[in-house]
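Below is one structure, written out as C-alpha cells; comments come after it.
Computation of the quantities below employed the complete heavy-atom set of this structure, encompassing side-chain atoms and omitting hydrogens, waters and symmetry-equivalent molecules. Quick caveat, the model's predicted, so the values are computed rather than measured. One-based numbering, in listed order, for ligands and for the atoms of each.
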Amino acid sequence: MNDDAPLVDALGRVHTNMRISVTDRCNIRCFYCMPAENVQFKPRSEILDFEEFVRLARVVARMGVTKLRLTGGEPLVRSDLPRLVKQLREIEGIQDIALTTNGLLLAEQAAALKAAGLQRVNISLDGLQAETFRKIARRDGLDRVLAGIAEARRVGFEKVRLNAVAIRGITEGEIAPLGAFAREQGLELRFIEFMPLDADGNWDNSQVLTGETIRRELEDVFGKLVAVKRTDPSQPAVDFAFADGVGRIGFINPVSAPFCGSCNRLRVTAEGQIRNCLFSGEEWDIRQLLRSGADDHALAEMVRECVAAKKPGHGIDSDDFVPPQRPMYQIGG
Ligand code: SAM
Ligand code: SF4
C-alpha cells in the first residue's frame, strides 16, 4: 500500500492521533499506575532517542496523523524535552502537540515548552488536599503541582486542562473543591474513571467512581450542568458547561461507557513498541526496525499492521477480560 494512505482499521476508524511515551520514569508513585517501591525501569539504551521518535512521527504524519501527545511515565523527567517538541513541531502535517504531566516540574519548564511550540497541556490533579495527594502519589508535592498550574496559565498555552482520576473512597470529598477551583481558575476539568492499569493489580470495579455519579454530585452543588455539543466525534470526553456559563467539566468514562467505537489513537511506548490500545495484549517492535536500518516504508507497514489488528473494544466489562501485562506507566497514558 502507498505509504501516505490513511491509517484505517477494519472498523473504519481513521487514526489521526499518536501518543508518545517519552519515558517510563516518574518522580511520584501513584497507586493506580506504579508500584510503591522497587520499580523496574527500562535501561536507557532501550529507550528511544529523540531522533527515533521524530522519524516515527514523520512516518505517521505522512499517513494522516495530525495530533501528538507527549506522555509517560512523567514526561518532564526526560531531559531537554523542549528540544523534542521543537523537532516534532517542524514535521509537515503535525497540527497539534500536547503534553500530559503530573505538573511537579512544570513551573520550571512551562516557558521553554511554550517557546518550543507546545500548544496544550493536561495537568493531573486528583484533589486539592495534601492528604489526598499523599494517599494517591505516595509522595508529597501538591504545592509544586499548583505552582505548575499557575505557571502554565501565565505562559499562555492554547489550553490548560486538569485531569482527575475518580476513585471510590478517595475522590468524593474532592469533587466540589475541584469543580470550584477549575471555575475560579478558568480551566477545564475532566474526571477519568479509574481503569485496570495499576501495577499492583488491585483494581476492582467497585473502586470505580463513575462519571455519572460525579455529575450528579456536581449538580447538587453548582446547579444543572448543560451538555455541550461534541465537535470532534473521536474525543473521548462527554463535556458539560455550568448553567451560569463559568467553567466546563468533562467526563471520560472508559469503564461505565466505553468509547472504543470512535477511538482514533495509537501509541508508542518509551522503548519503541507500537500499541493500538491501552488494553492491547500485543505490541509491534518498531525500535528493532528503527535500529536495524529499515527504510520508512517498512516502518509505515508495521504501523499499518498494528492499526489493522485493533480490536473493536477493550472488553473491561466482559467476564474473560485480562488486564494488559504492562501497567499504565510503561504504556503511556
Ligand atoms: N505522569 C503524567 C501524569 O500523571 O499526568 C503522564 C502519564 S499518566 C500515566 C497519564 C494520565 O493517566 C494521568 O492523568 C493519570 O492520572 C492517568 N492514569 C494513570 N493510571 C490510571 C488508571 N489506572 N486509570 C485511569 N487513569 C489513570
Ligand atoms: Fe507517575 Fe503519571 Fe503514573 Fe502518577 S500517573 S505514577 S504521575 S506516570
Any side-chain heavy atom of D80 within less than 4.5 Å of one from F50?
yes
Does one hydrophobic cluster hold both L225 and F222, with members joined at side-chain heavy-atom distances below 4.5 Å?
yes
Report the C-alpha separation of E193 and S256 in whole Å, then their side-chain angles, then the decisive distance to 0.1 Å, and conclude whether the side-chain hydrogen bond (donor to acceptor under 3.5 Å, both in side chains) test is met.
CA-CA 8 Å; E193 288 174 351; S256 67; 2.6 Å; yes
Is [X] in contact with ligand 1, taking contact as a heavy-atom separation below 4.0 Å?
| X | answer |
| --- | --- |
| F194 | yes |
| G73 | yes |
| C26 | no |

Give the residue and atom name of whichever protein heavy atom lies nearest to [atom], and the separation in Å to one decimal.
| atom | answer |
| --- | --- |
| atom 20 (N) of ligand 1 | Y32 CD1, 3.2 Å |
| atom 24 (N) of ligand 1 | M195 N, 2.9 Å |
| atom 8 (S) of ligand 1 | G72 O, 4.3 Å |
| atom 3 (C) of ligand 1 | S124 OG, 3.4 Å |
| atom 6 (S) of ligand 2 | C30 N, 3.3 Å |
| atom 3 (Fe) of ligand 2 | C33 SG, 2.4 Å |
| atom 7 (S) of ligand 2 | N102 ND2, 3.3 Å |
| atom 27 (C) of ligand 1 | M328 CE, 3.6 Å |
| atom 2 (C) of ligand 1 | E74 OE1, 3.3 Å |
| atom 16 (O) of ligand 1 | V165 CG2, 3.1 Å |

Under a 4.0 angstrom heavy-atom cut-off, which atoms of ligand 1 come close to T101?
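With T101 as reference, the close atoms of ligand 1 come out as 2 (C), 3 (C), 5 (O).
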Could you say whether the N/O atoms of T71 and ligand 1 ever approach to under 3.5 Å?
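Looking only at distances, the answer is no, because the N/O contact criterion of under 3.5 Å is not met.
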Return a yes/no value for T100: is any of its N or O atoms, backbone included, closer than 3.5 angstrom to an N or O of ligand 1?
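In this structure, T100 places no N or O atom under 3.5 Å from an N or O of ligand 1.
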I'd like to know if [X] pairs up with [Y] as an ion pair, taking the criterion as any Lys NZ or Arg NE/NH1/NH2 lying under 4.0 Å from an Asp or Glu carboxylate oxygen.
| X | Y | result |
| --- | --- | --- |
| D3 | R304 | no |
| E131 | R134 | yes |
| R326 | E271 | yes |
| E90 | K86 | yes |
| R216 | E172 | no |

Identify, by atom number and element, the atoms of ligand 2 in contact range of [X], meaning under 4.0 Å from any of its heavy atoms.
| X | value |
| --- | --- |
| I28 | 6 (S), 7 (S) |
| G73 | 8 (S) |
| Y32 | 5 (S) |
| C26 | 1 (Fe), 6 (S), 7 (S), 8 (S) |

At a non-hydrogen distance cut-off of under 4.0 Å, which region of D126 contacts ligand 1 (side chain, backbone, both, or neither)?
neither
cation_pi(R183, F242) dist<6.0 Å, angle<=45:
yes
For T100 and R69: C-alpha separation, side-chain torsions, deciding distance, then whether side-chain hydrogen bond (donor to acceptor under 3.5 Å, both in side chains) applies.
CA-CA 7 Å; T100 301; R69 177 172 292 278; 3.0 Å; yes
Measuring to protein heavy atoms, does anything land under 4.0 Å from atom 1 (Fe) of ligand 2?
yes
Do E74 and T23 meet the criterion of a side-chain donor-acceptor pair at a distance under 3.5 Å?
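No, because no side-chain N or O of E74 sits under 3.5 Å from a partner of the opposite role on T23.
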Among R248, R161, R120, salt bridge (charged side-chain N to carboxylate O under 4.0 Å, His left out) partner for E188
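Answer after filtering R248, R161, R120: R161.
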If we check side-chain hydrogen bond (donor to acceptor under 3.5 Å, both in side chains) with T16, which of these qualifies: N264, D96, T66?
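Single side-chain hydrogen bond (donor to acceptor under 3.5 Å, both in side chains) partner of T16 among N264, D96, T66: N264.
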